[in-house]
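Following: one structure in structure tokens, then a few remarks.
First listed ligand is number 1; within each ligand, the first listed atom is number 1.
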Amino acid sequence: MRDAGGEITSKAQKVHDVIIVGGGPAGLTAGLYLARARMDVVLWEKDMPGGAPALTERIENYPGFPGGIPGIELAERMRQQAEEFGLAIKPFCPMRSMRREDDLLVVMGEEGEEAARAVILAMGMRPAQLGVPGEKEYHGRGVSYCATCDGAFFRDAVVAVVGGGNSAVEEALFLTRFASRVVIVHRRDRLRASRILQERVLRNPKVEIRWNRVVKEIRGDGKRVHSLVLASTESEELEEIPVQGVFLYVGNIPNTEAVRGFLELDERGFIVTDEQLMTNVRGVFAAGDVRKGSVWQVAGAVGDGVRAALNAQYYVEELKGIAYR
Ligand SMILES: Cc1cc2nc3c(=O)[nH]c(=O)nc-3n(C[C@H](O)[C@H](O)[C@H](O)COP(=O)(O)OP(=O)(O)OC[C@H]3O[C@@H](n4cnc5c(N)ncnc54)[C@H](O)[C@@H]3O)c2cc1C
């Protein structure tokens with residue numbers, strides 16, 4: 001909306017150049033670039049900044065850190081570097097929805113709203129649920145979606161990891177530090193994880209793989225998990241295996257509920273963007289795991305954060321009639 005003098009204003013009090021939603025690697029990188037370019041930028045984060053790496057034991061494939069780096073340390077370094085350039089981070093500030101007001105975009109939260117000329121969406125994704133009996137009942141009492149968070153509770157226990165991708169195999173290897181035995185339950189006859197992870201897991205004496213099996217039920221005594229019921233994908237065979245913990249890595253759901261109906265999502269809920277990482281809503285960009293076509297890696301999210309930041313910067317400068325290039 002424009003006031004009598006033609007200036008852009010909003011019902012929301014202050015107009016930023018850019019609002020970033022999500023404080024993982026994509027959002028923090030975008031924030032670093034925009035703050036360093038002296039843009040007026042604020043980052044909304046629903047929890048504490050850091051994103052998925054803050055919950056990952058070790059990251060070995062992010063360039064620049066031979067020997068790897070603890071995920072929490074990488075997340076903390078990213079936050080610190082962005083703040084050094086003046087990025088304003090609002091922790092515990094979830095976006096609930098968005099709307100457009102003429103040339104402005106308004107981000108709405110629980111305690112108010114803020115307006116900006118451009119928005120970068122970097123909300124990442126969360127683990128999918130398996131949807132079997134016992135999963136909800138025993139969540140936090142043996143059922144977990146985060147080995148880094150909960151693995152240490154399973155010292156000398158037998159645990160199962162469900163899934164066959166990179167996350168499942170990485171976390172299974174991590175759990176061998178604590179558990180006496182780790183049983184990977186996978187519905188196929190080969191893992192999807194990268195070759196180096198497969199090699200490590202296949203030669204680890206603590207790991208056993210139950211191929212061609214799906215989980216039918218998670219059983220317990222009312223207080224804690226005590227077993228898993230597995231079904232063969234090739235026969236009618238059912239078996240019950242004793243475990244004290246179950247870690248589920250069976251897919252991911254993008255955190256896009258707040259923008260559903262506002263912009264274009266693919267059939268799985270990931271945000272569709274063009275080559276500039278702009279969505280079908282002018283001025284709204286997406287970066288990282290939440291974007292359709294993401295490689296779901298830290299380095300990929302960082303690259304996306306750079307692209308979204310630069311394109312958002314050019315978009316805002318054009319809107320303000322500034323031409324530096
Ligand atoms: C177990 C595990 C192991 C992994 N290991 C590796 C590895 O070894 N190497 C590698 O490169 N990658 C690894 N990854 C993947 C990597 O962590 C992600 O690709 C990367 O973190 C994506 O960054 P992002 O910023 O897009 O999203 P995220 O890191 O998920 O950050 C998104 C942020 O947005 C916030 N958010 C969500 N909704 C809202 C909202 N409505 N309002 C405000 N904030 C919101 C979230 O709280 C979160 O902080 C691993 C992932 C997992 C789960």
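Shortest contact from atom 17 (O) of ligand 1 to any protein heavy atom: Ala52 CB, 3.4 Å. For atom 14 (N) of ligand 1, the nearest protein heavy atom (residue, atom name, distance) is Trp296 O, 4.5 Å. Closest protein heavy atom to atom 41 (N) of ligand 1: Met95 O, 3.1 Å. From the protein, the heavy atom lying nearest to atom 53 (C) of ligand 1 is Ser167 OG, 4.3 Å. With hydrogens left out, the protein atom closest to atom 46 (C) of ligand 1 is Glu45 OE2, 3.5 Å, a heavy atom. Ranking protein heavy atoms by distance to atom 5 (N) of ligand 1, first place goes to Glu170 OE1, 2.9 Å. Remark: minimum distance from atom 31 (O) of ligand 1 to any protein heavy atom is reached at Gly24 CA, 3.4 Å. Atom 20 (C) of ligand 1 has Asp289 OD2, 3.8 Å as its closest protein atom, hydrogens excluded (heavy atom only).
Between Thr56 and ligand 1, no pair of N/O atoms sits closer than 3.5 Å. At least one N or O atom of Ala26 sits closer than 3.5 Å to an N or O atom of ligand 1. Where the criterion is an N or O separation shorter than 3.5 Å, residue side chain and backbone included, Gln297 meets it with respect to ligand 1. Backbone and side-chain nitrogen or oxygen atoms of Lys46 are examined, and one is located within less than 3.5 angstrom of a nitrogen or oxygen of ligand 1.
Residue Glu137 holds its CD atom at 12.0 Å from CZ of Arg219, rounded to the nearest 0.5 Å. Atom OH of Tyr145 and atom NE2 of His139 lie 5.5 Å apart (nearest 0.5 Å).
Residues Leu105 and Ile19 are not in side-chain contact: their nearest non-hydrogen atoms beyond the backbone lie 4.5 Å or more apart.
Under a 4.0 angstrom heavy-atom cut-off, Pro94 registers as being in contact with ligand 1. Distances shorter than 4.0 angstrom occur between a heavy atom of Asn61 and an atom of ligand 1.
Counting the atoms of ligand 1 from 1 in the order shown, those under 4.0 Å from a heavy atom of Val21 are 42 (N), 43 (C). Under a 4.0 Å criterion applied to the non-hydrogen atoms of Gly23, ligand 1 contributes the atoms 33 (C), 34 (O). The contact set between ligand 1 and Trp44, taken as ligand atoms under 4.0 Å from a residue heavy atom, comprises 43 (C), 44 (N).
Comparing heavy-atom distances from atom 24 (P) of ligand 1 across Pro25, Gly51, Gly22 singles out Pro25 as nearest.
At a heavy-atom distance under 4.0 Å, only side-chain atoms of Glu171, from C-beta outward, approach ligand 1. At a heavy-atom cutoff of 4.0 Å, ligand 1 is contacted by both the backbone and the side chain of Val298.
No side-chain donor-acceptor contact under 3.5 Å links Asn252 and Arg126.
Both tests hold for Arg36 against Phe85: distance to the six-membered ring centre under 6.0 Å, angle to the ring axis within 45°.
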